[in-house]
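Model, not experiment: these values are computed from the prediction. Quick note: residue numbers are just sequence positions, from 1.
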Amino acid sequence: MSVHTPCPTNSSITLVKTALTGLDMIYKEGYQYKKAGIIAMKLTPATQKQFKLFSEENPKHEQLMKVVDQLNFRENGKVKFGGQDLGRTWKIKQERLSNRFSTRFNELITVKNESI
């Protein structure tokens, strides 16, 4: 299922709403569902957004998302939206996760010289 946002966005509000639209399109009652993934395509830096002529993102989202992102960074993802499962018990498998050398100081590579 491919669903497009009304305009380029980095607003979780718009992304959650769009994901739920896609879910509504494929949901069939009577089936048991497991977790699902979302793939974001055509990603561009926020500074290079090309808006459509007659539709723009809600300007209130930008300020709200800054606050939500700051809270989630400080409180380890405690702020969630109503469309998200608040009691989620599963996590993405991370055993093959790449180190974040450029963003996490504690994940920097250390080189030891054993010959000294």
Side-chain angles (χ1 to χ4, degrees):
M1 170 63 52
S2 180
V3 183
H4 301 275
T5 57
C7 60
T9 185
N10 60 359
S11 167
S12 294
I13 298 166
T14 304
L15 295 174
V16 168
K17 195 181 291 187
T18 304
L20 290 174
T21 299
L23 178 62
D24 287 342
M25 294 167 76
I26 63 169
Y27 178 79
K28 292 182 182 176
E29 195 168 333
Y31 286 87
Q32 290 185 340
Y33 289 88
K34 281 189 149 189
K35 61 185 176 183
I38 294 176
I39 299 172
M41 300 183 294
K42 298 183 181 180
L43 299 177
T44 57
T47 57
Q48 298 178 10
K49 276 201 246 185
Q50 177 78 36
F51 286 106
K52 292 183 179 180
L53 184 59
F54 297 109
S55 66
E56 285 197 23
E57 189 170 33
N58 187 335
K60 293 179 184 176
H61 286 200
E62 186 175 348
Q63 293 171 331
L64 178 60
M65 288 313 305
K66 281 182 184 177
V67 172
V68 169
D69 290 342
Q70 288 171 353
L71 286 170
N72 279 335
F73 184 75
R74 262 194 322 222
E75 301 297 326
N76 202 18
K78 299 271 187 205
V79 178
K80 298 194 183 294
F81 291 92
Q84 293 175 289
D85 182 8
L86 303 178
R88 183 175 103 178
T89 56
W90 59 271
K91 280 187 89 173
I92 296 172
K93 293 180 184 175
Q94 296 185 358
E95 62 266 4
R96 295 180 189 243
L97 188 66
S98 299
N99 288 334
R100 300 166 287 187
F101 306 118
S102 62
T103 58
R104 300 279 187 217
F105 189 72
N106 63 335
E107 293 184 19
L108 280 173
I109 298 173
T110 55
V111 179
K112 297 179 182 178
N113 189 346
E114 298 292 328
S115 63
I116 296 178

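A distance of 8.0 Å separates CG of Asn72 from CE of Met65, quoted to the nearest 0.5 Å. A distance of 9.5 Å separates CG of Asp69 from CG of Leu64, quoted to the nearest 0.5 Å. The CG atom of Leu15 lies 11.0 Å from the CG atom of Leu20; values are rounded to the nearest 0.5 Å.
Paired with Thr18 under the rule side chain to side chain contact (heavy atoms under 4.5 Å, CB included), one option of Val3, Thr9, Leu23 passes, and it is Val3.
At most 12 non-hydrogen atoms from other residues, nucleotides or ligands lie less than 6.0 angstrom from CZ of Phe105.
A continuous path of ILVMFWY side-chain contacts below 4.5 Å connects Val67 to Ile13, so both sit in one hydrophobic cluster.
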